[in-house]
Each structure stands twice: as structure tokens, then as C-alpha cells.
Amino acid sequence: MKLLKAQENSNFYLIEHFDDIWVLSKYILKDDIVCSKSTRKVAIGDDKTKQVTKVIYVELRVKKVEFEHLELRIQGTIENETEFTTKGSHHSLQYSIGDTIEIKESNVSFQRPNFLKKLLHSALNSMKNKFLIILCDVDSLIVARASLFSIDVLFEKSRLGSKKFFSTHKQTTNLEEMINSLDDVSFQEYNFVIFAGVGTYKNQLKVLCEKKYPSFKSVVIDTLDCEVSTVSKIVDELKHKNIIDDVSEQRASEKIELFLKSLATDNKVAYGVENIVDLISQGVVKEIILTSSFYNEFLENYFSSIEILEQMGGEITIISSNSHHGSIVQGMGGVVALLRY
């Protein structure tokens, strides 16, 4: 998720990933005020059978939040009077990946549980659904952080090295300048890196990065030039070819593999809701992994346990109930835990 704009009384967020929809479905509570452009059918004259669709700006007081079919559906009552609506009338808003949502500050904002505030903060600051684009040619370097819906250029450098491009020694010098320019880039934050550009420089830079930094998945893409505008073309190609994996689901699956391995060896794991809740109160639990279908029930019945887990530096991971590894957790009661000892 990305914070697009912060105003005095409201924030605008870009939904970049499936995870963001899920986070918002938990973060947005009853009586929050959510704002958006929307459409409403309006009767023409006195004939209610003849209607036209009008675009309106809606301030919606939330009554119900639903998360289904990869969409966020918010039902509520309209707070602002418009030409086509009256205050208090019922309306609904739908959001999906790529949409922008505005959430206004309200009394609910100050009463929101810390766990939900932390959930949103993590979604805004996490790099797990972002990837790194390194675009280069013989003497230029552009580095950008991106998702499939947003791009942030971290820095751009040009005129690297000598202009004697055809000297082997000078080419190496250019590459050394490029690799040194990447010293401040936190490669460990990204699971996926794209090396792009003209010629073979991107391939050579990829080899050097793999030697210098921790392992990561990578792909090489040919481009016609090395310009900032080319970064968006690279993202379009990633979308078209479905190159980016679902990193979040992959990480959750890896944790279930770790759980199963520990279950068979050191047994520093637990399952069963009551057992895990008891261990959380003892400060033994390092992380719990919940299925998406069991999360609401756990939050409703054991919210104090979540607060204790947070206070002790524990983590919470959500895995899709429909995935292979999610079905394993579902079969164990919907929640499993990794223990400190």
C-alpha cells in the first residue's frame, strides 16, 4: 500500500496488492468516514423507470465492511448532501487493486486498537510486495522501487566512468561505479530484482550484484533506452508476462514448511487455539500463522492475546485458506504457532 497524500483530516491510500485489500478490511471500522467518487442512478424527471448514471463524491459513514472476491465492499450512509443524494441515504463503495481510497479522521481513529494501527503501518512500510528495478546502459543508472501499480525512482545517475567505452578496463570501471552506487540500496528488503537496459551491461551488473549482496530472484529485460520513462514500460511488461510471483503467499508458505520441519524435529511449535492462547500469555510464542477464514473469529474472541503477542515482540502472519499450505493450517484449527523455546 502507498500513502499518496496526507491532509489535515484525511489520508489517501493506493491499493497495490491483495494484501492491502485484506488489511483495509480489518483496519476500517464501523463509523469511520470513507470518501470516494462513485456512481448513482438518478431518475429523469418524474418517470422513475428512466434513469441516468451520475458521478458523485461520497462521504460514507461505515456500517459494514466486507472482503470478498478480491474486492473491498463498504456499506454505509451518506454524510454529505449532493444534488443527487440526501444525507443519511444508504450507499456502498467497492475497491479493488489499483484503486485509491480516502479515509477521514474521526472519533474512531483515536479509539482504533494498536494492532490495527500497526497493521496499516506495516502495509505502508513493507517491501514484501515491492520489487527493485535497476535500469542501466554504458554510463547511466536508474534505480526504482515499484509495485505493479506504483513507481518511485530512488535515484538516477549519468556520465559514469570514462567516455572511452571500448576499453575493457574502462568498462570495468563503469561497472564498479554502478555497483558502488548501489551500496545504499537495501537489497535484502526485496525478493525480486529486475535488471534492464541496453546491451550486456545489465547482465554484467546482475552477476556483480549477486556476488556482493544476499541471494534474490532476478530477471533480465531488454530495453531500447535508459530513461526514467522506460521504467513504466518495464512494469507494463512485468504485468503482461505475469513475471512477478505472489511473494506474500510464498513467504507464508515457507513459514508453514518451517512449522512442519520443526514439528518433526525440535517441536518448537504449537497448534490448537486454546493451547496457543495459553502459550501467548506465557510469552513463549514468537509468531502465529492464521488462515484468512479464521482470522475474524480469532480477533473477535482472543483480541487480548493479540495485544500480549504484540507487546512481547511477536508477529502475526495471514495465509490464504484456499492455498495448499493454508489448508494444512485450517486442518489444525486455523492457527499454528512458532515458539521461542
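Predicted model only: the values in this text are computed from it and were never measured.
With S292 contributing its side chain and S321 its backbone, the two residues share a donor-acceptor pair below 3.5 Å. Between the side chain of T223 and the backbone N or O of D225 there is at least one donor-acceptor pair closer than 3.5 Å. Of the possible donor and acceptor atoms, one in the side chain of D20 sits under 3.5 Å from a partner among the backbone N and O of M1.
When only modelled atom types and interatomic distance are considered, D236 and H240 share no side-chain donor-acceptor pair under 3.5 Å. S150 and K2 share no side-chain donor-acceptor pair at under 3.5 Å. Judged by distance alone, the side chains of E66 and Q75 do bring a donor and an acceptor atom under 3.5 Å apart.
Salt bridge status for K157 with D139: absent, with no side-chain N to carboxylate O gap under 4.0 Å. Between E16 and K130 a salt bridge is recorded (basic side-chain N to carboxylate O distance below 4.0 Å).
Among V335, I289, L263, the one residue that satisfies the side chain to side chain contact (heavy atoms under 4.5 Å, CB included) test with Y271 is L263. When the options K233, K241, K239 are evaluated for a side chain to side chain donor-acceptor pair (under 3.5 Å) with E237, the one that passes is K241. The one candidate from L4, V23, D99, L124 that meets the side chain to side chain contact (heavy atoms under 4.5 Å, CB included) condition with Y13 is L124.
Of all non-hydrogen atoms in E274 and Y302, the two that sit nearest each other are OE2-OH, 2.9 Å. Of all heavy-atom pairs between T86 and E81, the closest is CA-OE2, 3.5 Å. Between I318 and T291 the shortest heavy-atom distance is CG2-C, 4.4 Å. Taking every heavy atom of both residues into account, I319 and S253 meet most closely at CD1-N, 4.2 Å.
Partners of F195 under the ring pair (Phe, Tyr, Trp, His ring centres under 6.0 Å) rule, at least two apart in sequence or in another chain, do not exist in this structure. Remark: D278 pairs with no residue by the salt bridge (Lys or Arg N to Asp or Glu O under 4.0 Å) rule, at least two apart or across chains. Not counting sequence neighbours, Y57 has no partner by the ring pair (Phe, Tyr, Trp, His ring centres under 6.0 Å) test.
Atoms CG and CD1, from L72 and I101 in turn, are 5.5 Å apart once rounded to the nearest 0.5 Å. Distance NZ/K202 to SG/C226: 10.5 Å, rounded to 0.5 Å.
One hydrophobic cluster holds both I288 and V284 under the rule that ILVMFWY side chains link at heavy-atom gaps under 4.5 Å.
For the pair V193 and K206, the minimum side-chain heavy-atom distance is 4.5 Å or more.
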